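Data block below; observations after.
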Amino acid sequence: MELGAEGFQRRLPRLRGRVRRAAFLALDMEFTGLHSTFPQNNEPSLFDSPAERYLKARQSVQRFTVPQLGLAIFSNENSNKYVVHSYNFFLFPSTLGVTDVEFTLSASSIQFLSHYGFDYNKFLKDGIPYMNKVQEKILSQHVLAGSWKVSSALDRDVLKKAIDEVTCWIAAAEEEETMILQDLSDYQIFEVQLVLRQALQNAWTQPLGDKKVMVKKVSPQHRQLLENSPYDYCQKELILLSARGFTNLFQTLVKAKKPLVGHNMLMDLMHLHDKFYKPLPESYEEFKRNIHNLFPVLIDTKTVTKSIWKKCPFPRVSNLLEVYEVLCSNLNPKDPACPVITLASDCSRYAEKKSPHEAGYDAFLCGSVLLKSAHLLLCRSTDDAVEADPSFSQYLTVLAEYLNKVNFIRGGVSSINFSGEDAPCQHPPLLVVRVRGWPGLNERQIYQEFKALCRFDVRRLSKNQFILLSNKFKHVRRVLRDYKHHPHLQISVYRHWRHSPRVNCVLQVSGIVALWSLLAFVLGGAPCYSF
C-alpha cells in the first residue's frame with residue numbers, strides 16, 4: 001500500500017495499532033544518494049575500521065535524504081501463519097514554519113530509482129513530512145514566540161493569495177460572517193491560520209476538512225475567548241503533530257520495541273537516527289548506544305544468510321530477491337511446520353507482481369527471508385524434526401548469535417555489534433608491492449593492474465611501495481603465485497617490523513644515533529697519556 005501526506009494522518013491510529021500487535025517489523029529505505037563524493041576518498045574501503053566507516057557514512061547521510069521508506073508489519077495471527085501489511089511511505093522533509101532542509105541528489109541513484117519506476121511526483125508533491133528532535137525544538141520555540149516564517153516559495157504564493165482575499169472580504173463583512181478558503185494542503189491549512197490570526201485581530205479560523213479553512217469575522221473579546229478554548233484546532237500540539245508527520249510513527253516503532261529486521265541495514269539505521277531521532281553524533285560508540293536504546297533487537301538478514309550460505313549447498317546469490325527465491329525453492333512448501341506468509345488483502349499487489357527496489361516490497365522480502373532462514377536453522381538444530389507450528393520466540397532462539405549483528409560491507413570487520421564490542425578483524429594478510437623500473441605509478445594504476453585477476457583495495461606506503469588488501473584468502477594466494485617472477489612488481493606479505501615507514505624511521509634514527517655514539521667513542525673516548 002502506498003501512503004503520502006494526504007492519507008497518512010488519517011491512517012496513523014490504525015498503523016500504530018498494527019505495530020503494537022506485530023510479531024516483528026521489517027524495514028527498507030531508498031535514498032537520493034548512497035556515498036557522497038565530498039570530500040574526496042570518502043568511498044568505503046577494506047582499510048576502514050568501523051569508526052572510520054561510520055564517519056564516512058555520516059557525511060553521506062547528512063547530504064542525502066529518504067524519499068521512500070518501506071515498512072512490513074508481520075503479525076503472527078495463529079499458529080505458524082504470518083499476515084503481512086506492507087507499506088510504501090513517500091517522505092519529504094518538513095517545510096512547516098522556519099524549518100528548511102537542504103539535500104543532495106546523486107545522478108546515479110536518481111537514474112537507478114527511475115529505472116525501477118520510482119514516482120518522483122509522489123515524493124515531491126505528496127511526501128509525508130518528518131523532523132528530528134532538534135528541528136522540532138526549534139519549531140516549537142518559534143510557534144510559542146509567534147516568530148513564524150514561511151520557508152516554501154510555493155506556500156508564500158498561496159498565503160499571499162489567501163491574505164489578499166480575506167483582507168478584501170473582512171473590511172466589508174459583518175461580525176459572525178464567514179468565508180471559505182479552499183484547495184489547501186495540510187501544511188497550508190496550518191500556515192494560513194497562523195498568518196491570518198497574527199495579521200488580523202478581528203479574524204478567527206477553523207479547518208473544515210477536505211482542504212478547506214473557514215474564516216470568521218469576530219470581535220476582539222470573542223477572539224480572546226476562542227483563543228483560550230480547548231477546542232481550537234490550531235493549537236501548538238496539533239501544529240507539531242502535523243509537522244512531525246512520519247516521525248509520529250517512528251516514535252511508535254521505538255515505544256513498541258519489536259524486533260526490527262533489515263537487509264544490509266547500516267545505512268537505514270543511520271538515516272533513522274538522523275532524520276527522525278537526532279542528528280548523527282560524531283562518536284561511533286554513541287551512535288551504537290543510541291540505536292541499541294531505540295531498537296534493542298536488530299536482525300540483519302544479510303548477516304544471517306551469509307552464515308547459512310556457508311552451511312548449506314545453495315546457489316551463491318546476494319541480491320535480496322534472489323535470496324528470497326532460493327530459500328523458497330529449497331524449503332519444502334508441504335512441510336506443515338513451515339511458516340505460512342500471507343499478504344493482507346489491501347497489500348496483495350506484491351503477491352501478484354515483483355517490484356524490486358520498491359521499499360515496501362523489499363521490506364516484505366526482508367521479513368520473509370528472516371522467517372524462512374529461521375525455519376531452516378531450526379530444522380538443522382533439531383535434525384529436521386521440527387514440532388508443528390513453531391513460535392516466533394523459537395525462531396529468535398535459533399537466531400540468537402545473529403541478533404544485533406549488522407553486516408559491514410567491505411570493511412575491517414564482518415559485522416557491527418550494536419549490543420557489545422565489535423569482533424576483531426579476520427582479513428587475509430596485507431601484501432606489499434615494491435615497484436622497480438616502473439616510475440610514476442599511482443594507486444589507481446596499481447588497482448587496474450590487479451583488477452582483471454582479483455579485487456584489492458590499494459594504499460600508497462612509500463614512494464615506490466603500495467599496500468594491497470583483499471577480503472579473500474584465495475586472492476592473496478593467487479597474486480603471490482602469479483606475480484612471483486614479475487619484472488617490475490615484487491610482492492610479499494606485509495610485516496610491520498619490516499615495512500612500516502614509522503618502524504623504518506625509528507630504526508634509521510636509532511642506527512644513526514648508534515653510529516655517532518660509536519664514532520664518538522672511537523675518536524674521543526680513548527684514554528690520554530702524558531709524558
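Note that the structure is a prediction, hence the values are computed from the model and not measured.
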Full working for side-chain contact (heavy atoms from CB on, under 4.5 Å) between Leu376 and Ile308: CA-CA 9 Å; Leu376 190 62; Ile308 290 177; 3.7 Å; yes
Evaluate the criterion ring pair (Phe, Tyr, Trp, His ring centres under 6.0 Å) for residue pair Tyr324 and Tyr361; output intermediate values, then yes/no. CA-CA 12 Å; Tyr324 172 75; Tyr361 181 70; 7.7 Å; no
Take Tyr87 and Arg18, measure what side-chain hydrogen bond (donor to acceptor under 3.5 Å, both in side chains) needs, and give me the verdict at the end. CA-CA 12 Å; Tyr87 298 92; Arg18 284 177 176 162; 2.5 Å; yes
Stepwise, does the side-chain contact (heavy atoms from CB on, under 4.5 Å) test hold for Leu71 with Leu253? CA-CA 10 Å; Leu71 181 68; Leu253 304 184; 4.2 Å; yes
side-chain contact (heavy atoms from CB on, under 4.5 Å) evaluation trace for Trp438 with Leu489: CA-CA 9 Å; Trp438 198 347; Leu489 303 178; 4.1 Å; yes
Quick one, Phe418 with Asn290, criterion side-chain contact (heavy atoms from CB on, under 4.5 Å). Give me CA distance, side-chain angles, the key distance, then yes/no. CA-CA 9 Å; Phe418 278 87; Asn290 289 348; over 6 Å; no
Report all side-chain donor-acceptor pairs from residues 450-459 shorter than 3.5 Å, counting only partners two or more places apart or in another chain.
unit_1, atom_1, unit_2, atom_2, d
Asp457, OD1, Arg410, NH2, 2.5
Asp457, OD2, Ser45, OG, 3.4
Asp457, OD2, Leu46, N, 2.6
Asp457, OD2, Arg410, NH2, 3.0

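With a 4.5 Å cut-off on side-chain heavy atoms, Phe92 and Val101 do not count as touching. In this structure, the side chains of Leu272 and Tyr277 stay at 4.5 Å or more apart for every pair of heavy atoms. When side chains are defined from C-beta on, Leu260 counts as touching Leu27, because their heavy atoms get closer than 4.5 Å. Looking at Leu105 and Thr65, their side chains never come closer than 4.5 Å, going by heavy atoms from C-beta outward. Between His357 and Leu113 the shortest side-chain heavy-atom distance does not fall below 4.5 Å. Residues Ile491 and Val479 are in side-chain contact: their nearest non-hydrogen atoms beyond the backbone lie under 4.5 Å apart. Using a 4.5 Å cut-off on side-chain heavy atoms (C-beta onward), His263 and Asp362 make no contact. In this structure the side chain of Tyr284 reaches within 4.5 angstrom of the side chain of Pro50, judged on heavy atoms.
Ring pair Phe112/Tyr116: centre-to-centre distance below 6.0 Å. The aromatic ring centroids of Phe276 and Phe250 lie less than 6.0 Å from each other. Two rings, from Phe90 and Phe123, have their centers 6.0 Å or more apart. Ring pair Phe74/Tyr82: centre-to-centre distance not below 6.0 Å. For Phe103 and Phe64, the ring centers are positioned 6.0 Å apart or more.
The line from CG of Asp482 to CG of Leu480 is 9.5 Å long, rounded to the nearest 0.5 Å. Rounding to the nearest 0.5 angstrom, the gap separating the CZ atom in Phe246 from the CG atom in Leu15 is 8.5 Å. Within the model, atoms CD1 of Ile128 and CD of Gln68 stand 10.5 Å from one another, a figure rounded to the nearest 0.5 Å. Separation of atoms OG (Ser414) and CG (Asn407) is listed at 7.5 Å; rounding is to 0.5 Å. Between the CD1 atom in Ile467 and the CG atom in Leu430 there is a gap of 5.5 Å [rounded to 0.5 Å]. Atom OG in Ser60 sits 11.5 Å away from atom CG in Leu55 (nearest 0.5 Å).
Met267 approaches Leu34 most closely through the heavy-atom pair CE-O, 3.7 Å. Contact between Glu282 and Tyr54 at its shortest, heavy atoms only, is O-CE2, 3.7 Å. Residues Ala423 and Val413 approach most closely at O-CG1, 3.1 Å, considering heavy atoms. Shown here for Ala374 and Leu399, the closest heavy-atom pair between the two residues is CB-CD1, 3.9 Å. The two atoms that bring Ser381 and Val398 nearest to each other are OG-CG1, 4.0 Å, heavy atoms only. When all heavy atoms of Leu441 and Phe466 are compared, the closest pair comes out as O-CZ, 3.3 Å.
Without hydrogens or angle criteria, Asp300 side chain to Asn264 main chain gives a donor-acceptor distance under 3.5 Å. In this structure, Lys310 contributes its side chain and Lys306 its backbone to no donor-acceptor pair below 3.5 Å. A donor-acceptor pair is defined here as one N or O able to donate and one able to accept, closer than 3.5 Å; no such pair exists between the side chain of Asn80 and the backbone of Pro390. Checking side-chain atoms of Gln465 against main-chain N and O of Ser462 turns up no donor-acceptor pair under 3.5 Å. A donor-acceptor contact shorter than 3.5 Å links the side chain of Trp309 to the backbone of Val317. Within the 3.5 Å criterion, the main-chain N or O of Gly360 finds a donor-acceptor partner in the side chain of Ser86. Between the side chain of Thr301 and the backbone N or O of Gly262, at least one donor-acceptor pair lies under 3.5 Å. Using modelled atom types, one side-chain atom of Thr32 and one backbone atom of Thr104 make a donor-acceptor pair closer than 3.5 Å. For the pair Lys275 (side chain) and Val61 (backbone), a donor-acceptor distance under 3.5 Å is present. Under a 3.5 Å cut-off, the side chain of Arg58 and the backbone N or O of Pro281 do form a donor-acceptor pair.
Electrostatic pairing of Arg349 and Glu358 counts as a salt bridge here, judged by a charged N lying under 4.0 Å from a carboxylate O. Between Asp422 and Lys288 there is a salt bridge, since at least one side-chain N of the basic residue sits less than 4.0 Å from a carboxylate O of the acidic one. Between Lys278 and Glu286 no salt bridge is recorded (no basic side-chain N to carboxylate O distance below 4.0 Å). Under 4.0 Å is where a charged nitrogen must lie from a carboxylate oxygen, and between Asp48 and Lys56 at least one such pair does.
Side-chain atoms of Ser415 and Asn417 include no donor-acceptor pair closer than 3.5 Å.
Atom CD of Gln448 has more than 12 neighbouring heavy atoms from other residues, nucleotides or ligands inside a 6.0 Å radius. Counting non-hydrogen atoms of other residues, nucleotides and ligands closer than 6.0 Å to NZ of Lys257 gives a total above 12.
Taking the ring centre of Phe408 as origin, the terminal cationic atom of Arg53 falls inside the region bounded by 6.0 Å and 45° from the ring axis.
Listed by chain and residue number, Tyr483 satisfy the ring-ring contact (aromatic ring centres under 6.0 Å, His included) test with His486 (two or more places apart in sequence, or in another chain).
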